[in-house]
Amino acid sequence: MSINATLFVQAIVFLILVWFTMSFVWPPIAKALDERAQKIADGLAAADKAKTELRAANQRVEQELGQARNETASRLADADRRAQAIIEEAKARATDEGNKIVAAARAEAEQQAIAAREALREQVAALAVKGAEQILRKEVNAGAHAELLNRLKTEL
């Protein structure tokens, strides 16, 4: 065989191989590559979407945490205000009770002082009568001289 015929037969076999490859082998490979490229693109899109959703979720979480912190701070401030109000109310009640106790003690002391003065007047009047008896050396009748004794008590 000559070299030209060999080259011609090899060219025909090559063309048949190219045609066979283009017709039967290449389409499934191209289809598989396209499907793979589509899956990769879908995966990247899903990853981007997930990143976006993650950022949005993180922002919502931060907002909710901020709101929770503000609410907690507000509740703590309210609790502090209530505690201070309760303390002030208790102080006011204690002061009022103390004032009432002091007023009652003063009133009782005043009554005791008045009773002591009356008792002292009685004793002074009795001593005055005894002294007058001693001076006059006779008995003074308390019933007969009641008006005089009462006037003496009021003067003392």
Side-chain angles (χ1 to χ4, degrees), residues 1-129 142 146-147 149-156:
M1 255 192 94
S2 78
I3 204 153
N4 287 336
T6 303
L7 271 173
F8 182 70
V9 172
Q10 284 182 351
I12 290 176
V13 170
F14 181 73
L15 288 177
I16 291 172
L17 180 66
V18 168
W19 171 79
F20 179 79
T21 303
M22 295 288 269
S23 297
F24 297 108
V25 176
W26 189 254
I29 292 173
K31 183 179 177 185
L33 287 174
D34 288 342
E35 287 176 0
R36 180 77 175 138
Q38 185 63 36
K39 284 182 184 178
I40 291 171
D42 290 344
L44 290 174
D48 288 342
K49 183 179 177 183
K51 283 181 185 178
T52 305
E53 289 176 0
L54 181 62
R55 282 190 206 114
N58 283 338
Q59 288 175 351
R60 284 193 305 264
V61 166
E62 287 298 324
Q63 287 175 349
E64 289 179 14
L65 283 175
Q67 289 174 351
R69 285 184 192 117
N70 290 341
E71 187 175 326
T72 301
S74 173
R75 287 184 181 178
L76 286 174
D78 287 344
D80 285 342
R81 282 193 293 271
R82 286 183 199 156
Q84 290 300 325
I86 290 170
I87 289 170
E88 292 300 322
E89 183 180 325
K91 284 181 182 178
R93 277 189 270 153
T95 303
D96 290 344
E97 276 300 311
N99 290 341
K100 286 178 185 177
I101 291 170
V102 167
R106 284 184 182 160
E108 186 178 336
E110 181 100 12
Q111 288 175 353
Q112 287 177 356
I114 290 171
R117 284 185 197 132
E118 287 297 320
L120 188 58
R121 284 183 185 151
E122 293 286 333
Q123 290 175 359
V124 168
L127 285 174
V129 168
E147 183 182 331
L149 292 173
N150 283 337
R151 202 174 32 192
L152 181 63
K153 282 183 195 177
T154 56
E155 286 177 10
L156 294 176

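In this text the structure is predicted, and so the values were computed from the model without any measurement.
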Inset, instruction - Please tell me if the side chains of Glu71 and Gln67 come closer than 4.5 Å, counting only heavy atoms from C-beta onward. - result: no
Inset, instruction - Answer yes or no: is there a side-chain heavy-atom contact under 4.5 Å between Phe14 and Trp19? - result: no
Inset, instruction - State which residues pass side chain to side chain contact (heavy atoms under 4.5 Å, CB included) with Leu15; sequence neighbours excluded, sorted by chain then number. - result: none
Inset, instruction - Could you check if a side-chain atom of Thr6 sits within less than 4.5 angstrom of a side-chain atom of Ser2, using non-hydrogen atoms only? - result: no
Legend entry - Spacing of CG belonging to Leu65 relative to OG1 belonging to Thr72, to within rounding of 0.5 Å: 10.0 Å
Inset, instruction - Drop me the distance from Ile101's CD1 to Glu108's CD, to the nearest 0.5 angstrom. - result: 12.0 Å
Legend entry - Spacing of CZ belonging to Arg75 relative to CG belonging to Asn70, to within rounding of 0.5 Å: 12.0 Å
Inset, instruction - Apply the test side-chain hydrogen bond (donor to acceptor under 3.5 Å, both in side chains) to residues Gln38 and Asp34: give CA-CA distance (whole Å), side-chain angles for both, the deciding distance (0.1 Å), then the verdict. - result: CA-CA 6 Å; Gln38 185 63 36; Asp34 288 342; over 6 Å; no
Inset, instruction - Could you tell me whether Glu97 and Arg93 make a salt bridge, using a distance below 4.0 angstrom between a side-chain N and a carboxylate O? - result: no
Inset, instruction - May I ask you to check whether Asn58 and Glu62 show a side-chain donor-acceptor distance below 3.5 Å? - result: no
Legend entry - Separation of Leu44 CG from Lys51 NZ (nearest 0.5 Å): 9.0 Å
Inset, instruction - Please round to the nearest 0.5 Å and tell me the distance separating atom CD of Glu88 and atom OG1 of Thr95. - result: 9.5 Å
Legend entry - Steps toward side-chain contact (heavy atoms from CB on, under 4.5 Å) verdict (Val61, Glu64): CA-CA 5 Å; Val61 166; Glu64 289 179 14; 5.7 Å; no
Legend entry - Reported CD1-to-CG distance for the pair Ile12 and Leu7, which is rounded to 0.5 angstrom: 11.5 Å
